[in-house]
Amino acid sequence: MSGYRAYEYTESLSKFAKLFTRGKLPYGPWFAHTLDYIENLNNLDIFYIDYETLHINFERVIMKLSRFLGLRSLSNEDLESVKERCSFSNMKVNTNANMSRFEHRRKPNSSEFLRKGKVGDWENHLSEKECKEIDQ
């Protein structure tokens with residue numbers, strides 16, 4: 001299934017979660033797909049970050065990323081600029097991030113590529129059982 005088809009996915013989040021956790025969709029189950037990378041983080045030249053950590057301490061993560069990339073130290077103004085450019089409200093309207101340039105491929109009634117930008121919001125759309133399956 002190509003990225004194009006993934007963007008067209010119109011079934012429920014519940015069904016998607018079930019297929020994804022059972023490895024029936026590309027890159028799933030996610031943890032099995034990424035396990036080699038996670039187990040070798042110290043041996044590979046990979047900068048690992050997750051969405052939750054980015055939200056908890058954006059500035060610290062960006063400074064760490066800057067060092068990883070061998071860039072100069074960032075000033076407070078630089079950090080504020082990066083934070084503003086990477087804000088969900090900016091990403092939502094940025095055609096390089098929001099997939100709107102592929103709008104002509106989107107199936108009717110499919111959800112937007114970027115929804116809310118809230119950490120953990122998926123838990124509001126799945127049953128307690130489905131959340132536990134994902135967390136396993």
Side-chain angles (χ1 to χ4, degrees):
M1 185 157 127
S2 68
Y4 162 71
R5 288 192 181 107
Y7 182 62
E8 289 185 332
Y9 187 86
T10 58
E11 298 291 333
S12 69
L13 182 60
S14 179
K15 183 171 182 178
F16 180 88
K18 185 180 288 186
L19 293 171
F20 191 74
T21 56
R22 293 189 171 103
K24 303 294 183 190
L25 295 173
Y27 315 112
W30 180 253
F31 299 107
H33 173 71
T34 59
L35 186 61
D36 283 342
Y37 296 105
I38 292 170
E39 288 177 343
N40 289 288
L41 280 177
N42 296 324
N43 305 326
L44 300 171
D45 198 21
I46 294 173
F47 185 80
Y48 175 82
I49 181 164
D50 58 66
Y51 193 66
E52 292 77 8
T53 303
L54 187 61
H55 275 266
I56 291 168
N57 198 337
F58 183 86
E59 291 83 359
R60 184 173 182 212
V61 170
I62 296 305
M63 293 297 280
K64 198 172 172 182
L65 175 60
S66 178
R67 283 190 303 276
F68 176 82
L69 295 172
L71 303 175
R72 66 174 171 78
S73 293
L74 299 175
S75 67
N76 288 338
E77 293 80 22
D78 293 332
L79 278 172
E80 283 304 313
S81 176
V82 170
K83 190 171 191 174
E84 175 62 23
R85 289 175 184 220
C86 293
S87 70
F88 186 79
S89 58
N90 272 344
M91 299 294 274
K92 187 125 172 123
V93 297
N94 182 330
T95 58
N96 290 318
N98 67 17
M99 302 294 282
S100 62
R101 63 178 172 234
F102 299 111
E103 194 68 24
H104 62 284
R105 294 181 176 175
R106 194 168 140 198
K107 284 185 179 178
N109 303 320
S110 62
S111 63
E112 295 180 68
F113 185 72
L114 298 174
R115 294 182 324 109
K116 295 180 183 179
K118 303 289 182 198
V119 172
D121 186 57
W122 59 274
E123 293 176 336
N124 296 322
H125 302 274
L126 298 173
S127 70
E128 187 175 329
K129 180 182 178 213
E130 291 164 334
C131 290
K132 285 180 183 177
E133 285 179 9
I134 290 171
D135 284 338
Q136 288 180 356

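Just so you know, these numbers come straight off a predicted model, no measurement behind them. Reckoned from all heavy atoms, side chains included, excluding hydrogens, waters and symmetry mates.
Hydrophobic clustering (ILVMFWY, side-chain heavy atoms < 4.5 Å, transitive): F68 and V82 are in one cluster. Put simply, I49 and L74 are part of the same group of oily side chains (I, L, V, M, F, W, Y) that touch within less than 4.5 Å, one to the next. L44 and I38 fall within the same hydrophobic cluster, where Ile, Leu, Val, Met, Phe, Trp and Tyr residues are linked whenever their side-chain heavy atoms come under 4.5 Å apart, directly or through other members. Under the 4.5 Å side-chain contact rule for hydrophobic residues, I62 and L71 share a cluster. Taken together through direct or relayed side-chain contacts under 4.5 Å among Ile, Leu, Val, Met, Phe, Trp and Tyr, L69 and F58 form part of one hydrophobic cluster.
When the shell of 6.0 Å around CZ of F47 is examined, it contains more than 12 heavy atoms from other residues, nucleotides or ligands. In this structure, E128 places its CD atom where only 12 or fewer heavy-atom neighbours from other residues, nucleotides or ligands lie under 6.0 Å away.
Using modelled atom types, one side-chain atom of S127 and one backbone atom of E130 make a donor-acceptor pair closer than 3.5 Å. Checked by atom type and distance alone, the side chain of N40 never pairs as donor or acceptor with a backbone atom of N43 at under 3.5 Å.
Between L126 and S14, the closest heavy-atom pair is CD2-CA, 3.6 Å. In terms of heavy atoms, S87 sits closest to E84 at OG-O, 2.9 Å.
With rounding to the nearest 0.5 Å, the separation of CD1 in I56 from CG in D50 is 7.5 Å. K129 contributes atom NZ, which lies 6.5 Å from atom NZ of K18 (distance to the nearest 0.5 angstrom).
Between R85 and S81 the shortest side-chain heavy-atom distance falls below 4.5 Å.
Screening residues 58-72 for salt bridge (charged side-chain N to carboxylate O under 4.0 Å, His left out), with sequence neighbours left out, gives E59-K83, R72-D78.
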